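Nothing here was measured: the structure is a model prediction, and the numbers come from that model.
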Amino acid sequence: MNIDHRKLGRELDLFDSDPLIGAGLPFWLPDGAAARHEVESYLHELERRAGYKHVYSPALGKKQMYELSGHWKNFADDMFPPMVLGGDELVLRPALCPHHALIFKSRQRSYRDLPLRIAEIGPMYRAERSGVLGGLSRVRSIQLNDSHIFCGLDQVGAEVADVLRLMGVAHRALGLRPSSFRLSLRGDSGKYAGNDEMWERASALLRSALDDAAVSYEEAPGEAAFYGPKIDIQIEDAAGREWSLSTIQVDFHQPAQFDLSFVGPSGERERPVMIHRSLAGSMERLFGYLIEAHQGAFPLWYAPVQIAVLPVSEDQSAPASAFGQAAIESGLRAEVLFDGSIGGRIRHAAERKIPYAAIVGKREAAEGLIALRLRDGRQLPARPAAEAIALIASAAAESQAGVDVLARP
């Protein structure tokens with residue numbers, strides 16, 4: 001039975017909201033924040049190993065920057081109104097790409113520097129109408145896993161192919177199951193920037209990358225970004241609605257608008273192509289999906305609490321606390337639960353979807369052992385504390401590689 005992430009997220013103390021903060025502005029509770037931090041750290045490291053350079057950029061920018069990028073003309077209805085400060089009109093950004101374009105422009109670049117892959121998990125804001133807001137799936141404050149790759153025209157195909165590969169790695173680790181791939185193309189409206197040649201070239205590059213990867217996809221005219229076509233990876237929620245999560249976009253427009261260039265092999269200045277790419281989308285929409293897909297029972301590696309330590313009686317409190325601290329110092333997320341009967345605490349840990357319960361009774365305390373119990377009720381033989389920690393740490397590493405260790409018989 002599927003449960004809406006809004007209900008389950010509150011029951012599991014992952015996130016909540018308050019009218020005084022405002023609609024579409026959820027806050028993350030400690031357990032939700034722990035899971036999110038683990039996912040963000042994983043994405044950061046995955047990108048770093050793939051040659052991405054991480055940056056931080058401000059959530060504000062001058063209205064003039066968004067006029068230049070085209071966002072103000074094509075996206076103003078979804079942006080918050082400008083704030084006037086000292087003669088400047090500042091806007092909460094609806095996207096990170098203009099900032100990253102200017103980061104590229106901040107230094108002289110050579111063809112030897114390319115491809116330059118700039119990445120950030122950064123905030124952006126959308127002035128969504130109250131009627132469309134819902135849980136984590138549609139919000140006004142967004143933390144986006146974003147990147148912009150600046151490369152030569154001859155490098156675009158290889159970069160898009162590598163992004164598709166990297167997406168597959170991230171999706172397996174997170175337990176994501178894309179429902180479809182969509183090639184979003186320009187439509188007949190006048191909202192699109194650039195000329196026909198630019199659009200045809202960009203669309204052909206994305207289509208070729210999908211064909212080379214043998215990915216089945218459907219074309220969707222009219223669904224492109226205003227600056228370029230895109231590959232949208234769709235997911236289906238518990239209600240059967242599809243959402244765009246991961247995306248790859250090819251953009252010739254903004255490099256021209258911001259006059260980006262690099263020094264080519266012949267010494268002449270050339271224009272880079274800008275590839276927009278997100279492996280996992282926003283943390284909000286991602287977790288809205290993950291909560292429902294896993295019904296709150298997250299894969300071990302990003303479960304908010306990986307081990308609930310349960311002393312059977314007061315007499316075992318000291319060794320249970322020592323085991324919990326040892327687990328934390330080893331890098332695992334552990335909590336020691338003292339209140340209530342041992343049966344009640346076992347049920348409570350299972351209801352919180354905690355992968356492992358570490359039970360310390362009289363015999364375990366005397367012999368320095370830990371009895372492990374999985375969240376589905378299966379029990380493992382008692383083992384030394386260090387061995388129990390090593391087993392869970394190893395299982396967490398396998399889980400991050402996409403192996404569902406808790407599903408093994």
Side-chain angles (χ1 to χ4, degrees), residues 39 42-43 45-52 114-117 119 144-187 196-225 227-237 240-252 272-282 285-286 289-290 293-294 299 398-404 407:
V39 168
Y42 165 76
L43 292 170
E45 181 63 10
L46 182 67
E47 291 169 341
R48 186 191 71 80
R49 289 173 179 268
Y52 288 78
L114 306 186
L116 178 62
R117 307 178 186 102
L144 186 67
N145 160 239
D146 203 12
S147 174
H148 297 92
I149 302 167
F150 300 89
C151 62
L153 183 61
D154 61 338
Q155 297 172 315
V156 172
E159 288 301 304
V160 172
D162 197 56
V163 170
L164 286 169
R165 181 196 63 78
L166 209 60
M167 282 179 175
V169 174
H171 291 176
R172 284 191 295 275
L174 291 165
L176 279 172
R177 297 173 184 84
S179 57
S180 65
F181 285 71
R182 186 170 69 190
L183 179 58
S184 298
L185 303 169
R186 182 175 60 165
D196 291 346
E197 181 186 356
M198 178 198 88
W199 278 90
E200 288 169 7
R201 178 178 286 182
S203 299
L205 287 166
L206 289 179
R207 189 179 286 108
S208 176
L210 286 168
D211 292 340
D212 289 345
V215 172
S216 177
Y217 63 94
E218 60 183 26
E219 296 192 358
E223 295 297 321
Y227 47 75
K230 54 182 179 167
I231 298 170
D232 285 321
I233 289 81
Q234 304 291 101
I235 56 170
E236 188 175 288
D237 66 14
R241 297 168 299 194
E242 278 203 330
W243 301 84
S244 293
L245 191 70
S246 308
T247 187
I248 310 172
Q249 305 164 6
V250 173
D251 181 0
F252 291 96
V273 181
M274 187 174 180
I275 301 172
H276 306 237
R277 166 270 55 176
S278 178
L279 297 181
S282 74
R285 183 170 290 181
L286 173 64
Y289 171 79
L290 292 175
H294 299 295
E398 287 189 66
S399 169
Q400 194 177 84
V403 180
D404 186 2

* Return the minimal non-hydrogen interatomic distance between Ala280 and Leu286, and the atom names on each side. => O-CB, 3.7 Å
* Decide yes or no on side chain to side chain contact (heavy atoms under 4.5 Å, CB included) for Leu210 and Leu183, but give the supporting numbers first. => CA-CA 9 Å; Leu210 286 168; Leu183 179 58; 4.3 Å; yes
* **side chain to side chain contact (heavy atoms under 4.5 Å, CB included) between Leu290 and Leu176, intermediate numbers included** => CA-CA 7 Å; Leu290 292 175; Leu176 279 172; 4.0 Å; yes
* Less than 4.5 Å apart, any side-chain heavy atom of Leu46 and any of Arg49? -> no
* Out of Arg207, Lys230, Arg186, which one pairs with Glu219 under the salt bridge (Lys or Arg N to Asp or Glu O under 4.0 Å) rule? -> Arg207
* Between the side chains of Ser278 and Asp146, does any donor sit under 3.5 Å from an acceptor? -> no
* To do: Give a yes or no on whether a salt bridge exists between Glu47 and Arg117, defined as a side-chain N under 4.0 angstrom from a carboxylate O.
  => no
* **Heavy-atom closest pair, residues Leu279 and Met167** => CD2-CG, 3.7 Å
* Structure fact -> When rounded to the nearest 0.5 Å, the distance separating CG of Leu206 from CG of Asp211 is 11.0 Å
* Asked: Any idea how His276 and His148 line up, ring-wise: parallel (<30°), tilted (30 to 60°), or perpendicular (>60°)?
  -> perpendicular
* **Residue pair Trp243 / Arg241: nearest heavy atoms and the distance that separates them** => CD1-O, 3.5 Å
* Taking it one step at a time, do Tyr52 and Leu43 satisfy side chain to side chain contact (heavy atoms under 4.5 Å, CB included)? -> CA-CA 11 Å; Tyr52 288 78; Leu43 292 170; over 6 Å; no
* Does the side chain of Ile275 come within less than 4.5 Å of Cys151's, by heavy atoms? -> yes
* State the CD-OG distance between Glu236 and Ser180, to the nearest 0.5 angstrom. => 8.5 Å
* To do: Quick one: pull up CG in Leu164 and CZ in Arg277 and give me the separation to the nearest 0.5 Å.
  => 11.5 Å
* Asked: Can you check side chain to side chain contact (heavy atoms under 4.5 Å, CB included) on Val215 and Ile231, steps first, answer last?
  -> CA-CA 11 Å; Val215 172; Ile231 298 170; over 6 Å; no
* Between OG on residue Ser147 and CD1 on residue Ile248, distance to nearest 0.5 Å -> 11.0 Å
* What's the shortest heavy-atom distance between Ala225 and Trp199, and which atoms? -> O-CH2, 3.2 Å
* Enter the distance from Glu242:CD to Ile233:CD1 here, rounded to the nearest 0.5 Å. => 12.0 Å
* Asked: To the nearest 0.5 Å, how far apart are CG in Asn145 and OG in Ser246?
  -> 8.0 Å
* To do: Please report the closest heavy-atom contact between Arg177 and Ile235, naming both atoms and the distance.
  => O-CG2, 4.5 Å
* Asked: Do Arg285 side-chain atoms and Ser244 backbone N/O form a donor-acceptor pair below 3.5 Å?
  -> yes
* Looking only at heavy atoms, which two atoms of Ala224 and Gly228 are closest? And how far apart? -> CB-O, 3.6 Å
